[in-house]
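Everything below concerns the one structure shown next.
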Amino acid sequence: NYDRMSGEVRLEHLQQQIADKTIFTDEDLSGDRLFHEFLQFAGVTVTEILAETNYEPFSAKLQAASNILTDQILEYWSQNPYIEVNVTVDAAKPKDKPPFNDGVIGRARIYNNLHRVDVPFSERSAGFIWFFSFLIKFSQVAENTPTILLLDEPGLSLHGKAQADLLRYFDEQLAPNHAIIYSTHSPFMVAADRLLSSRIVEDVVFLTESGRPKTDGTKVRDDVLNRDPDTIFPLQGALGYEITQSLFIGKNTLLVEGPSDILYLQSLSSALLKRNRTGLDLKWTICPSGGIGKIMPFVRLFKGNDLNIGVLTDYAKGDKNKVEELRAAEILKTGSVFTAAEFTGKDEADTEDFFEPSVFVDLLNNAYGLSGGNKLTVAKLDAADEKTPRLVKKAEAYFKLLPESIPMLDHYTPSQWLLQNPKMLDGDDKAVLDTLDRAEKLFEALNKLIP
């Protein structure tokens, strides 16, 4: 358990607790003990304060200590940079709530510079009170001789971002002089860049020959990535979060529907760049969102990362309102949402519609090895589904007519084949040039979004 500092203490009571040593043994007084440690951090004693009728000298020391801790909080509490801690010592007011209506009272309050209001220490979030109390405790440890710190579930009341700040405090303030070993169930308390410094604590259970479970006891293991899924869940969470942050999103993130769109855009961009034409700016990180309905949740989820986000989405009947909602959203920049239909001249379109029908037909024939009577032509493609202008929907209808020995059409296979066979977009065939013209207009529009 981690002590949380009391926000209000009667110093006469505190002096008595120190004298009879109950403050060091009674867990119910742990909050008062931390207030006492704050006074030690400030360089004053309760006895000195009570013996003095002029509290100004002590107020100056308390304010100096408060400023030091405030600076540390602002360094390691990135959620709210507008707060500061004030600790004061004053004579009690007779109408205050007992026992704080008599004697000399020490108080901690939190001032918010943004809202220009201060509140009692106890009314801050449990996480903030924990963090402040933690800083008091370990600001003294940091100055002592090298120490082994054994911490049980630190930061349990903090949310993920604050836990990351706590890890940073460990690394920068404690680790240079001390050894830290801590237990956790939280993926945010696992350093993804140091996974192998973790150890798994596992109750090892096995089945006997008779089929009865038997325990081999609790074991601490270093083969962290070879244990059962429940045990390594925090490690999986930490690694998954790190991958999401670094692999799939970037400062400039282009959201598309799926992985095949990424490959198509990369292939088209490469083909244009080979011709010294405009390709997709390399500053873009292309990220699959899973569909137009999932774009807004994604944007809201990563809004705090201060990303520059562009959107390229497929467009079908019924998507008009969704697209307009995206364009009207205040969290997306004006003019950052594009649909495939805008660049293909169709009422409905997917990324595949950037390709001329003859190019798309050749792509499918090569990707799936279609030949003989199964070989696809533009005429067969049009006839497969005359109700839709979308090439991929026509192709899906055609593939349903093919023998079972031929795999059903998926979005990924042809896009992967094109990436592996870029020469398909070489040459001066009109269909290829028309395809590249459409793609270039898209890339020019997207590149203008780069600051």
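Below, all heavy atoms of this structure are taken into account, side chains as well, without hydrogens, waters or symmetry copies. Everything numeric here is computed off the predicted structure, so don't read it as measured data.
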Worksheet item: Taking C-beta and beyond as the side chain, do L273 and F443 meet within less than 4.5 Å on heavy atoms?
Response: no
Worksheet item: What's the spacing between F38 CZ and S66 OG if we round to 0.5 Å?
Response: 3.5 Å
Discussion item. Please verify the inter-ring angle class for F132 with F128; under 30° counts as parallel, over 60° as perpendicular, anything in between as tilted.
Written reply: parallel
Practice prompt. Determine whether the aromatic ring centres of F355 and Y264 lie less than 6.0 Å apart.
Written response: yes
Discussion item. Run D261 and T351 through side chain to side chain donor-acceptor pair (under 3.5 Å) and show every step you take.
Written reply: CA-CA 6 Å; D261 298 319; T351 302; 2.8 Å; yes
Worksheet entry | Sub-4.5 Å side-chain heavy-atom contact between E348 and K317 | yes
Fill in: Donor-acceptor under 3.5 Å (S269 side chain, L280 main chain)
yes
Worksheet item: What is the minimum heavy-atom distance between L391 and K346, and which atoms define it?
Response: CG-NZ, 3.8 Å
Practice prompt. State whether D165 and R168 are salt-bridged, where the test is any N-O pair (Lys NZ or Arg NE/NH1/NH2 against Asp/Glu carboxylate O) under 4.0 Å.
Written response: yes
Item to complete: Please confirm whether the backbone N or O of A340 pairs with a side-chain atom of T344, one donor and one acceptor, at under 3.5 Å?
Response: yes
Discussion item. Please find the pair of heavy atoms, one from L74 and one from I83, that lie closest to each other, and give the distance.
Written reply: CD2-O, 3.6 Å
Worksheet item: Do F138 and Y169 make the cut of ring centroids closer than 6.0 angstrom?
Response: no
Worksheet item: Do you know the tightest heavy-atom contact between N252 and P451?
Response: OD1-CD, 3.5 Å
Worksheet entry | N/O donor-acceptor pair under 3.5 Å between E356 side chain and D434 backbone | no
Worksheet item: Can a donor-acceptor pair be found between the side chains of T208 and S210 at a distance below 3.5 Å?
Response: yes
Discussion item. With heavy-atom distances below 4.5 Å as the criterion, would you say the side chains of N374 and P403 are in contact?
Written reply: yes
Worksheet entry | Neighbour count above 12 (heavy atom, 6.0 Å) for H185 NE2 | no
Worksheet item: Are Q63 and N86 close enough that some pair of their side-chain heavy atoms sits under 4.5 Å apart?
Response: yes
Worksheet item: Does the side chain of K274 reach to within under 4.5 Å of the side chain of D426, using non-hydrogen atoms?
Response: yes
Worksheet item: Does any donor atom in the side chain of D32 or S6 lie under 3.5 Å from an acceptor atom in the other side chain?
Response: yes
Practice prompt. Look at the side chain of T218 and the backbone N and O of D203, then say whether any donor-acceptor pair between them is shorter than 3.5 Å.
Written response: no
Item to complete: Output, in order, the C-alpha distance, side-chain angles, deciding distance and verdict of side chain to side chain contact (heavy atoms under 4.5 Å, CB included) for M424 and V359.
Response: CA-CA 9 Å; M424 182 178 179; V359 176; 4.0 Å; yes
Worksheet entry | NZ-CD distance between K97 and E8, expressed to the nearest 0.5 angstrom | 9.5 Å
Worksheet item: To the nearest 0.5 Å, how far apart are OG in S267 and CG in L272?
Response: 11.0 Å
Worksheet item: Below 4.0 angstrom, N of the basic side chain to O of the carboxylate: do K219 and E202 qualify?
Response: no
Worksheet, complete the sentence: Checking R390, H411, K394 against E352 for side-chain hydrogen bond (donor to acceptor under 3.5 Å, both in side chains), the one that qualifies is H411
Discussion item. Quick check: closest heavy atoms across S183 and P154, and the distance to 0.1 Å?
Written reply: O-CD, 3.4 Å
Discussion item. Restricting to non-hydrogen atoms, name the atom on A175 and the atom on I180 that form the minimum distance, rounded to 0.1 Å.
Written reply: N-CD1, 3.9 Å
Worksheet item: Would you say the side-chain atoms of D281 pair up with the backbone N or O of N447, donor to acceptor, closer than 3.5 Å?
Response: no
Worksheet item: Is there a donor-acceptor pair closer than 3.5 Å between any side-chain N or O of E84 and the backbone N or O of Y111?
Response: no
Fill in: Sidechain-backbone polar pair: D3 side chain, G31 backbone, donor-acceptor under 3.5 Å
no
Discussion item. If you define the side chain from C-beta out and look only at heavy atoms, does anything of E37 sit under 4.5 Å from M5?
Written reply: no
Worksheet entry | T70 (side chain) donor-acceptor with V85 (main chain) under 3.5 angstrom | yes
Discussion item. I'd like to know if the side chain of K380 reaches the main chain of K375, judged simply by a donor and an acceptor atom lying under 3.5 Å from each other, with no hydrogens or angles considered.
Written reply: yes
Item to complete: Please lay out, stage by stage, how Q266 and I262 fare under the test side chain to side chain contact (heavy atoms under 4.5 Å, CB included).
Response: CA-CA 6 Å; Q266 289 176 336; I262 298 176; 3.8 Å; yes
Worksheet item: Should L312 and I286 count as side-chain neighbours, where that means a heavy-atom distance under 4.5 Å?
Response: no
Worksheet item: Within the distance-only criterion (no hydrogens, no angle test), does the side chain of T253 pair as donor or acceptor with the backbone N or O of I309 below 3.5 angstrom?
Response: no
Worksheet item: Given L167 and Y182, is the side chain to side chain contact (heavy atoms under 4.5 Å, CB included) satisfied, shown in steps?
Response: CA-CA 11 Å; L167 273 184; Y182 63 92; 3.2 Å; yes
Worksheet item: Would K393 and D385 pass as an ion pair if we require N to O under 4.0 Å?
Response: no
Item to complete: Mind listing the closest non-hydrogen atom pair of L158 and G127 along with its distance?
Response: CD2-O, 3.2 Å
Item to complete: Could you go through the side chain to side chain contact (heavy atoms under 4.5 Å, CB included) check for N112 and V119 one step at a time?
Response: CA-CA 8 Å; N112 189 307; V119 296; over 6 Å; no
Worksheet item: Side chains of L381 and L376: does their closest heavy-atom pair fall under 4.5 Å?
Response: yes
